[in-house]
Amino acid sequence: MLDIKFLRQNIDFVRKKMRERNVDVDLDKFTSLDSGRRDILQEVETLRSERNRVSREIGQKKKNKEDASELIDRMSEVSTRIKELDESLRKTEEDLHDLIMIIPNIPHESVVYGASPEDNPVVREWGEKPDFDFEPRPHWETGENLNILDFARGAKITGARFTLYRGMGAMLERALINFMLDLHTSEHNYTEVLTPFMVNKESMTGTGQLPKFAEDLFKIEGMDYYLIPTAEVPVTNIHREEILNENDLPCYYVAYSPCFRSEAGSYGKDTRGLIRQHQFNKVEMVKFTTPETSYGELEKLTLNAEEVLKRLNIHYRIVNLCTGDLGFSSAKTYDLEAWMPGHNAYREISSCSNFEEFQARRANIRFRRAENGKVEFVHTLNGSGLAIGRTLVAILENYQQKDGSVIIPEALRPYMKGIDRITL
RNA sequence: GGAGAGAUGGCUGAGUGGCUGAAAGCGAUCGCCUGCUAAGCGAUUGUACGCCUUAAAAGGUGUACCGGGGGUUCGAAUCCCCCUCUCUCCGCCA
């Protein structure tokens, strides 16, 4: 959520930024609601002030055994009027709030203008595409042939976009989770947390999933709880409604969680394989920082995610999402795209974002300056470190052998009982 | 699921209708004192929103906030209703 004062004073700038994002927001409605609100506020506060003053007078008179009935009658009318104004104020503020909550973040100045993912500039690349002396197979073939991925059984147990992992496949998934958690906790200084996988409406609103993207979420029937689409939600909300000490910043968390997404609107996209599932595993990194350090922290966060692919020796590139591809809450996002030979394409495997104070404002996460005790909003950041299922895809596709077996990357072998290859 | 107790500022903890944004203590900050530390003394010590002033920082002023929402009243931390959460006991359960 944007600062209402900033919005008020920079309405044309915001209008331009919204156009660059290709979103349609009624900012004229904002202006009229906002000034309407202030008009009502001034009137009602003046009346309240009078009521407070006169009520005190009434108390005095009663104490002195004087007659106060005239004042009481007058204040009774004032109170009625206050009640009316309160009601219209409440309505105006509700409308204003509803509007503000669906306005996306403003892109950082280093984000280039662009309409679609094709316009995302490539920032850097690492490693090389592997050479194959045979036609590389997509992971779903390799996975089914090795009997480690069972799409049919997943569909039977639940439905489309659910997969049963078996034997070495299940073990590889678990190895990846542990490998990533160990890397980020031992070498990158993150604190591991294990969170609830269902959250309430306030948490979903805090990080920006609600109110605008309700259809992307799974909701528990009969309760106001939602399945998390990413650990970003519970982890960022750890400090909702809190004031942190500046000395405690930056604060790094890493969490494993399953993620649940309805994938509404992706019908027909990535229907085969593990790329797009209703349930997948992810290791997520979250940072809380001061405003002046957040962009430096974004670079470090992205490098932390990259380190995973480096250790697994998988070729990837980094793109800087353009204005048209940027997520709702984000001011700047780097996507890590891993090379997937079976797809003959780069596929997103991590997304690292700086939300600046957008989420902090929604979730009311602040910190106190050590220097002068002033309270400010923190900046929040997060990035996948990495999406586990897609990393498994990358391994199956990059490490596949002509005979259909798959080599286990060396870094993972300690987590795989020393096994160096998956064969039938 | 049943019965009970509770939720007040950074913390502990008073406060059962009026000058209480909130006693007292602790903590913190600043000053005095001091060879240093401790002790002592004094002062300061919430957040949000609006308006005025200002280049700004700051300041002034008003309003709101004692778990959340509603009600009673001229006036609510205080009385009433609903909800949430925490704790204790019983039942059930991994």
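Hydrogens, waters and symmetry mates play no part in the numbers below; they use all other heavy atoms, side chains included.
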For [X] and [N], give me the distance from atom [atom1] to atom [atom2], rounded to whole Å.
X	N	atom1	atom2	result
Asn245(A)	G10(B)	CG	C1'	9 Å
Arg368(A)	C11(B)	CZ	C1'	13 Å
Phe367(A)	G10(B)	CZ	P	17 Å
Glu70(A)	G75(B)	CD	C1'	17 Å
Leu41(A)	U61(B)	CG	C1'	14 Å
Asn64(A)	C19(B)	CG	P	15 Å
Asn200(A)	C83(B)	CG	C1'	14 Å
Glu246(A)	A28(B)	CD	C1'	16 Å

Side-chain donor-acceptor contact under 3.5 Å, [X] with [Y]:
X	Y	result
Tyr165(A)	Glu173(A)	yes
Ser257(A)	Glu284(A)	no
Thr380(A)	Lys287(A)	no
Thr423(A)	Ser405(A)	no

For [N], does either OP1 or OP2 sit under 4.0 Å from a side-chain N or O belonging to [X]?
X	N	result
Arg8(A)	G50(B)	yes
Thr46(A)	G62(B)	no
Arg366(A)	A48(B)	yes
Lys374(A)	A58(B)	yes
Arg51(A)	U63(B)	no
Ser55(A)	G18(B)	no

**OP:** Mind checking the CZ-NZ spacing from Arg276(A) to Lys269(A)? Nearest 0.5 Å is all I need.
**Re:** 5.0 Å

Original post:
Rounded to the nearest 0.5 Å, what separation is found between the OG atom of Ser32(A) and the CG atom of Leu27(A)?
Top reply: 11.0 Å

What interatomic distance, in whole Å, is found between [atom1] of [M] and the corresponding atom of [N]?
N	M	atom1	answer
G10(B)	A48(B)	P	12 Å
U44(B)	A22(B)	P	12 Å
C90(B)	G13(B)	P	26 Å
A3(B)	U8(B)	P	25 Å
U20(B)	G4(B)	P	37 Å
U84(B)	G69(B)	P	15 Å
A57(B)	C52(B)	P	15 Å
U88(B)	U78(B)	P	28 Å

Mind checking who [N] pairs with, Watson-Crick or G-U wobble, both distances under 3.5 Å?
N	result
G18(B)	C74(B)
U54(B)	none
U47(B)	A64(B)
U34(B)	none
A5(B)	U86(B)

**OP:** Please tell me which of Arg37(A) and Leu71(A) maps to the more 5' nucleotide of RNA chain B, matching each residue to the nucleotide holding its nearest heavy atom.
**Re:** Arg37(A)

Subject >> Closest-nucleotide 5' rank along RNA chain B - winner of Asp73(A) and Glu93(A) >> reply: Glu93(A)

With a 4.0 Å cut-off on heavy atoms, is [X] in touch with a base, just the backbone sugar-phosphate, or nothing at all?
X	answer
Ile58(A)	base
Arg53(A)	nothing
Arg74(A)	nothing
Lys5(A)	sugar-phosphate

Minimum-distance nucleotide to [X] side chain [options: [options]]:
X	options	answer
Lys62(A)	G50(B), G18(B), G62(B)	G18(B)
Ser79(A)	U63(B), G75(B), G50(B)	G75(B)
Asn52(A)	U63(B), C74(B), U72(B)	U63(B)
Val375(A)	C51(B), U47(B), C19(B)	U47(B)
Gln42(A)	C74(B), C51(B), G46(B)	C51(B)

**OP:** Ignoring hydrogens and angles, answer whether the base of C19(B) and the side-chain atoms of Gln60(A) contain a donor-acceptor pair closer than 3.5 Å.
**Re:** yes

**OP:** Classify the side chain of Glu45(A) and the base of G62(B) as holding, or not holding, a donor-acceptor pair under 3.5 Å.
**Re:** yes

**OP:** Please state whether the rings of Phe213(A) and Phe328(A) are parallel, tilted or perpendicular, taking 30° and 60° as the class boundaries.
**Re:** perpendicular

Original post:
Of His184(A), His188(A), Glu297(A), which meets side chain to side chain donor-acceptor pair (under 3.5 Å) against Tyr252(A)?
Top reply: Glu297(A)

